[in-house]
Amino acid sequence: MNSQELWVHVYGRLKSCKSISTTQLKQLHSFLIKTRPLPLKYPNLISSPPSPPHKHKHKYSRSTHILSFLNHLEKPDLCLSLYNAIIQGLPSNPTTKTASLFQLFELLGHMLANGILPDHYTVPSVLKACAQSRALREGQQIHAYAIKTRLVLSNVYVNNTLMRVYAVCGVIKWVRMVFDESPQRDLVSWTTLIQGYVKMGFPREGVEAFFGMCDAEMRADEMTLVIVLSACSKLGDLSLGKKISGYIYDNGVCRDVFIGNALVDMYLKCGDADFARKVFNEMPVRNVVSWNSMISGLAHQGKFKEALDVFQEMQRMGLEPDDVTLVGVLNSCANLGVLEMGEWVHAYVDRNQIEADGFIGNALVDMYAKCGSIDRAFRVFQRMNRRDVYSYTAMIVGLAMHGEVEMALDVFAEMPRVGVEPDEVTFIGVLAACSHGGLVAEGQKYFREMSSVYKLRPQTEHYGCMVDLLGRAGLINEAEEFIENMPIEPDAFVWGALLGACRIHGKVELAESVMKKLLKVEPERDGAYVLMSNIYSSANRWRDAVKLRRAMKGKNVKKTPGCSSIELDGIVHEFRKGDKSHKRSKEIYKLLEEIMSHIKNHELLAH
DNA sequence: CTAGGGTTAG
């Protein structure tokens with residue numbers, strides 16, 4: 001709502017306002033004429049005297065008009081309804097939210113000073129603004145007022161907006177408290193509660209609340225179901241998702257585009273890509289979010305090539321990608337290592353003047369780093385106007401991967417200077433860099449600082465990094481000791497790191513016992529077997545290596561298939577061990593055999 | 001006259 005619309009709104013409300021005096025009406029009228037916030041296209045609002053068309057627009061902000069109007073009134077005791085109209089009409093600009101919230105409270109002060117009590121129309125408007133600004137303290141002030149005036153007990157709008165304030169501020173306990181104390185609850189109350197749980201990372205509780213809602217014989221609408229589906233996505237619980245899906249089809253809301261998008265997302269995150277595609281294909285209306293859900297969801301499932309295929313399908317249909325699309329595409333490029341396509345996205349971003357900050361910038365840094373172009377990753381990183389913890393983390397992890405140890409630590413050192421707090425993943429990069437550079441003492445220092453300075457609790461990944469750091473440097477005993485003193489149970493990360501160290505330093509006996517421990521925590525994967533058989537081979541213990549491979553076959557271990565991809569003229573070709581799905585796979589394998597025999601001949605010649 | 005929506009990186 002702009003300044004003019006606001007005044008039209010306020011002025012229109014005056015007509016139904018019974019308690020305003022004639023003097024006040026005249027004052028308002030003259031104020032409108034004097035400050036001329038309204039152009040001539042509203043002649044019935046400013047009827048006399050006819051004002052000449054003015055050349056330059058008024059520079060006053062909306063609330064300046066309102067407040068200066070109130071200050072100009074001789075007896076500014078406006079009626080409640082007019083105050084409500086003003087408060088309701090005040091803009092809630094997210095960029096200037098503090099200012100507008102401040103002005104809102106100024107208006108409230110004005111009201112109270114004139115003995116007018118905010119009512120059940122005023123309070124929800126104010127709380128809505130508090131929610132948008134995440135203003136917890138202000139919300140609590142209004143809550144206190146609402147308790148005093150008994151609005152909390154009597155009005156469902158007041159309760160719901162109050163719940164919303166606490167939900168966006170992350171105080172789920174208070175959301176629940178207001179909900180429990182509400183004498184009447186409608187669909188919005190339930191939805192706000194569910195949403196609060198899901199957004200705060202408690203999808204299970206959100207789903208429980210949904211079932212509570214069903215028990216209360218409240219029927220969910222599209223909005224509620226979208227939120228519940230997103231909870232299923234977060235839980236990765238396919239059978240639950242299917243139950244909700246059934247509810248949706250029973251209630252005939254499956255043709256809604258929001259529901260469709262949420263269904264596609266849910267099926268993908270729960271691992272049923274085929275059904276997601278089916279839902280997607282059957283959607284009567286699709287928007288860019290539908291495509292994004294497919295692309296990001298496939299990438300989330302590690303189906304990067306499929307994600308890029310969907311993107312190309314989208315382009316063939318002439319649809320414009322948005323920044324979320326591009327982030328999904330860049331993520332897929334990064335994981336496939338397809339630089340060309342990543343460069344294409346970068347060019348697209350530049351060409352369309354999309355700001356390469358935030359999500360896009362971070363994804364570009366990550367893509368270039370993972371595609372082996374660390375210098376370009378660094379250039380994008382440097383050119384970003386705004387860098388957050390994700391930008392720094394992507395950069396540090398990338399530098400560490402490339403063995404740029406000093407650079408990685410320099411970038412990390414910059415973080416406190418610019419006031420960006422590192423998180424757990426940042427430290428993975430830092431510790432990996434130290435490990436790479438053999439910087440044992442520094443690594444230990446950063447590991448200690450993680451909890452002492454940054455109050456981050458090290459996870460098994462961090463312990464794994466430390467074991468790797470010590471083990472690589474040949475400090476195997478220290479690594480073992482470190483594991484013994486871990487406050488949490490060591491898992492595959494940790495044992496894997498120690499086994500890796502055994503391989504580097506040829507510690508076959510220790511490796512055997514470590515492998516047993518690794519198999520205990522991760523019996524279903526082939527990593528331990530592969531690593532151990534390599535250790536045997538390096539020690540020339542071929543018979544043990546063969547024995548191990550046989551033991552593996554008998555134990556139903558899932559083998560991670562070797563996989564690589566190559567990009568040719570913008571098309572990604574993927575190769576999997578034993579894969580015969582390619583049209584020309586016969587020719588490919590024949591060529592491979594030829595190449596192999598060439599190699600063998602060379603080996604024979606060399607010996 | 002008022003309140004609640006989906007997708008996003010390491």
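Values reported hereafter were calculated over all heavy atoms of this structure, with side chains retained and with hydrogens, waters and symmetry mates removed. Every chain is numbered from 1, with letters handed out A, B, ... down the list of sequences.
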Length of the line joining A:Q132:CD and B:dT2:P, which is rounded to integer Å: 15 Å

Let's see if you can work this out: which of B:dT8, B:dG5, B:dG10 has an atom nearest to the side-chain heavy atoms of A:F258? B:dG5

Can you tell me if A:R185 touches the phosphate of B:dA3, counting only side-chain N or O atoms and a distance under 4.0 Å to OP1 or OP2? no

Is the shortest side-chain N/O distance from A:K370 to OP1 or OP2 of B:dA9 below 4.0 Å? no

Side-chain donor/acceptor contact of A:N292 with base of B:dG6 under 3.5 Å: no

Regarding A:N287, tell me which of base, sugar-phosphate or nothing describes its non-hydrogen contacts under 4.0 Å with the strands shown. base

Rounded to whole Å, please give me the gap between CG in A:L162 and C1' in B:dA3. 12 Å

Would you mind classifying the nucleic acid contact of A:D323 as base, sugar-phosphate or nothing, using non-hydrogen atoms under 4.0 angstrom? nothing

How is A:N155 classified with respect to the nucleic acid when contacts are heavy atoms under 4.0 Å: base, sugar-phosphate, or nothing? nothing

Please state how far atom CG in A:L225 lies from atom P in B:dG6, giving the value in whole angstrom units. 13 Å

Between A:D322 (CG) and B:dG6 (P), how many Å, whole number? 15 Å

So A:S391, base contact, sugar-phosphate only, or nothing? Heavy-atom distance under 4.0 Å. nothing

Would you kindly check whether a donor in the side chain of A:N362 faces an acceptor in the base of B:dG10, or vice versa, at under 3.5 angstrom? no

Give the ring-plane orientation class for A:Y267 versus A:F275, where under 30° counts as parallel, over 60° as perpendicular and anything between as tilted. tilted

To the nearest angstrom, the CZ-C1' distance between A:R164 and B:dT2 comes to 15 Å

The side chain of A:M223 is closest to which nucleotide in this list: B:dT2, B:dG5, B:dT8? B:dG5

Scan side-chain atoms only and decide if A:R277 and A:N281 contain a donor-acceptor pair under the 3.5 Å cut-off. yes

Donor-acceptor pair under 3.5 Å, A:T191 side chain vs B:dG4 base: yes

Once you apply a heavy-atom cut-off of 4.0 Å, does A:N159 come out as touching a base, just sugar-phosphate, or nothing? nothing

Mind calculating the distance between CD (A:Q195) and C1' (B:dG4) to the nearest angstrom? 7 Å

When the ring planes of A:Y247 and A:F210 are compared, do they come out parallel, tilted or perpendicular, using 30° and 60° as the limits? perpendicular

If you look at every strand shown and take non-hydrogen atoms under 4.0 Å, does A:V397 touch a base, only sugar-phosphate, or nothing? sugar-phosphate

Sugar-phosphate only, base, or nothing, as touched by A:N331 at under 4.0 Å among non-hydrogen atoms: sugar-phosphate

Rounded distance [0.5 Å steps], CG in A:L431 versus OH in A:Y463: 11.5 Å

Are A:K199 and B:dG6 close enough that a side-chain N or O sits under 4.0 Å from OP1 or OP2? yes

Does a salt bridge link A:E424 with A:R457, judged by any charged N lying under 4.0 Å from a carboxylate O? no

NA contact type, A:T161, heavy-atom cut-off 4.0 Å: base, sugar-phosphate, or nothing? sugar-phosphate

Which one, B:dA9, B:dC1, B:dG5, comes nearest to the side chain of A:Y390? B:dA9

Between A:K128 and B:dC1, does any side-chain N or O lie under 4.0 Å from OP1 or OP2? no

So is the aromatic ring of A:Y157 stacked onto the base of B:dT2, judging by whether the centres are under 5.5 Å apart and the planes are under 30° apart? yes

Taking 4.0 angstrom as the limit, do A:R204 and A:E208 come out as a salt bridge? no

So what does A:L187 hit on the nucleic acid, given a heavy-atom distance under 4.0 Å: a base, only sugar-phosphate, or nothing? base

What is the nucleic acid contact for A:D119, judged by heavy atoms within less than 4.0 Å: base, sugar-phosphate only, or nothing? nothing

